[in-house]
Protein chains: 2
Amino acid sequence: MRIDSFDHAILDALQRDGSMTNAALAEVVNLSASQCSRRRTALEDAGLIEGYSARLSATKLGFGLRAITRVNLRSHGQEDDFSQFIQAHPQVRSAFSVAGDADYVLDIRVRDLEAFADFIHKKLLPHPQVAHVRSEIVLQTLKDRKGLDLMA
Amino acid sequence: MRIDSFDHAILDALQRDGSMTNAALAEVVNLSASQCSRRRTALEDAGLIEGYSARLSATKLGFGLRAITRVNLRSHGQEDDFSQFIQAHPQVRSAFSVAGDADYVLDIRVRDLEAFADFIHKKLLPHPQVAHVRSEIVLQTLKDRKGLDLMA
DNA sequence: CTATCTATGCGCATTTTGTGCATCCTGTGG
DNA sequence: CCACAGGATGCACAAAATGCGCATAGATAG
């Protein structure tokens, strides 16, 4: 599929506000509403738009603590086990296997410090595969772009 | 605002699929469509729903490389300057000031390794405030929950 | 038990969507 | 230079979705 500057603008606009009406989209990108509709479904069908989500307020819902945690595993054969652990625990919002000092980086979201300590000491550290854990607790979010900057 | 189990279910559903119709929502949460509409706008007005976004395919758009980078600053008086730097660079998707080994953690998204090296060596390291940078390059995303797990 | 106040469902007017169709570009071959 | 094919675009309209008024059900307090 070919993406021109119109599609580009549509992607950018919808990323910022996914509830935009085709008419509103039309104003922004200078096309008719119908054409925006067509292009939009094309972008969806092509998989460039994976879907739409409501952004929820983490703080208002009581998820006050966020931490970036690096994990090193003991052996390097049974990662499946650790992966299952991650999937099973909703406190782990995102998880990446990485190249660097650590083996994994986890994005953890919990209610408060107590819940965090609980998770680290009673769940993560006791896991047989886990060798070493280092955390950075988020004090302030300076930037949190949901989605991609298409200009980058 | 009081949030009951209906709101809970609505938030959860909309987080997964923000383009759900009120009728579809109604089926999931066992309410009428009109009531879903009312509750939805209430949740939006209360700020529990911050907005809606289209999720774009990072890979299909050519953002192949992701890295989690920890940054230490030299002094601790002029953070404003570094914050401006972060805001100005779209390669930095998210940025957090943290308590831990590092002062900041950045979530970086770029096209490829070359763009990454470029950013680190030509942009980040030359910044006068930056003392030390350590990166973990993401090999695989094991989990990437957009949004919150309301059960956690 | 009753009065009150909120939550809910139904119906309908308004808005939004998306498709058919005619027109308009764009580039290609004569 | 012109004719033509293919796609992109806008307009119009039918189908769908939204959201508000209104009457009722359910909960709560006295």
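Proteins come first, then strands; the chains are lettered A, B, ... in the order of their sequence lines, and each starts at number 1.
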**Message:** Rounded to whole Å, how long is the line connecting atom OH of B/Tyr52 with atom P of D/dT18?
**Reply:**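 Interatomic distance, OH of B/Tyr52 to P of D/dT18: 10 Å.
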**Message:** Rounding to an integer number of Å, can you tell me how far B/Arg2 CZ sits from D/dT28 C1'?
**Reply:**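 In whole Å, D/dT28 C1' lies 12 Å from B/Arg2 CZ.
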Contact list (N/O, under 3.5 angstrom) for nucleotides 25-27 of chain C vs protein:
none

**Minimum-distance pair of heavy atoms, taken over all atoms of B/Gln129 and B/Ser75** =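 Heavy atoms only, the tightest pair is OE1-OG, 3.4 Å.
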**Message:** Suppose clustering is done on Ile, Leu, Val, Met, Phe, Trp and Tyr with side-chain heavy atoms closer than 4.5 Å. Which residues sit in the same group as A/Leu139?
**Reply:**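 Its cluster partners, ordered by chain and number, are none at all.
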**Prompt:** Sequence neighbours excluded, which residues qualify as salt bridge (charged side-chain N to carboxylate O under 4.0 Å, His left out) partners of A/Asp81?
**Reply:**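 So A/Asp81 forms no salt bridge (charged side-chain N to carboxylate O under 4.0 Å, His left out) with any residue.
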**Request:** Sugar-phosphate means primed atoms, P, OP1 and OP2; the rest is base. With that split, encode nucleotides 5-21 of chain C 5' to 3' as B, S or - using protein heavy atoms under 4.0 Å.
**Result:** --SBBB-----SSBBB-
**Request:** Mind jotting down which residue pairs meet the salt bridge (Lys or Arg N to Asp or Glu O under 4.0 Å) criterion with at least one end in residues 22-43 of chain A? Sequence neighbours excluded, please.
**Result:**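 Residue pairs with at least one partner in residues 22-43 of chain A: A/Asp4-A/Arg39, A/Asp7-A/Arg39.
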**Contact list for residues 91-110 of chain A, test ring pair (Phe, Tyr, Trp, His ring centres under 6.0 Å), sequence neighbours left out** =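 Residue pairs with at least one partner in residues 91-110 of chain A: A/Phe82-A/Tyr104.
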**Prompt:** Side chains of A/Ser97 and B/Leu142: does their closest heavy-atom pair fall under 4.5 Å?
**Reply:**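 The answer is yes; the side chains approach within 4.5 Å.
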**Message:** Please check if the number of heavy atoms outside B/Lys143 that lie under 6.0 Å from its NZ is greater than 12.
**Reply:**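 Atom NZ in B/Lys143 is crowded, with more than 12 foreign heavy atoms closer than 6.0 Å.
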**hydrophobic_cluster_shared for A/Phe116 and A/Val71, side chain cutoff 4.5 Å** =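 Yes: a chain of side-chain contacts under 4.5 Å links A/Val71 to A/Phe116.
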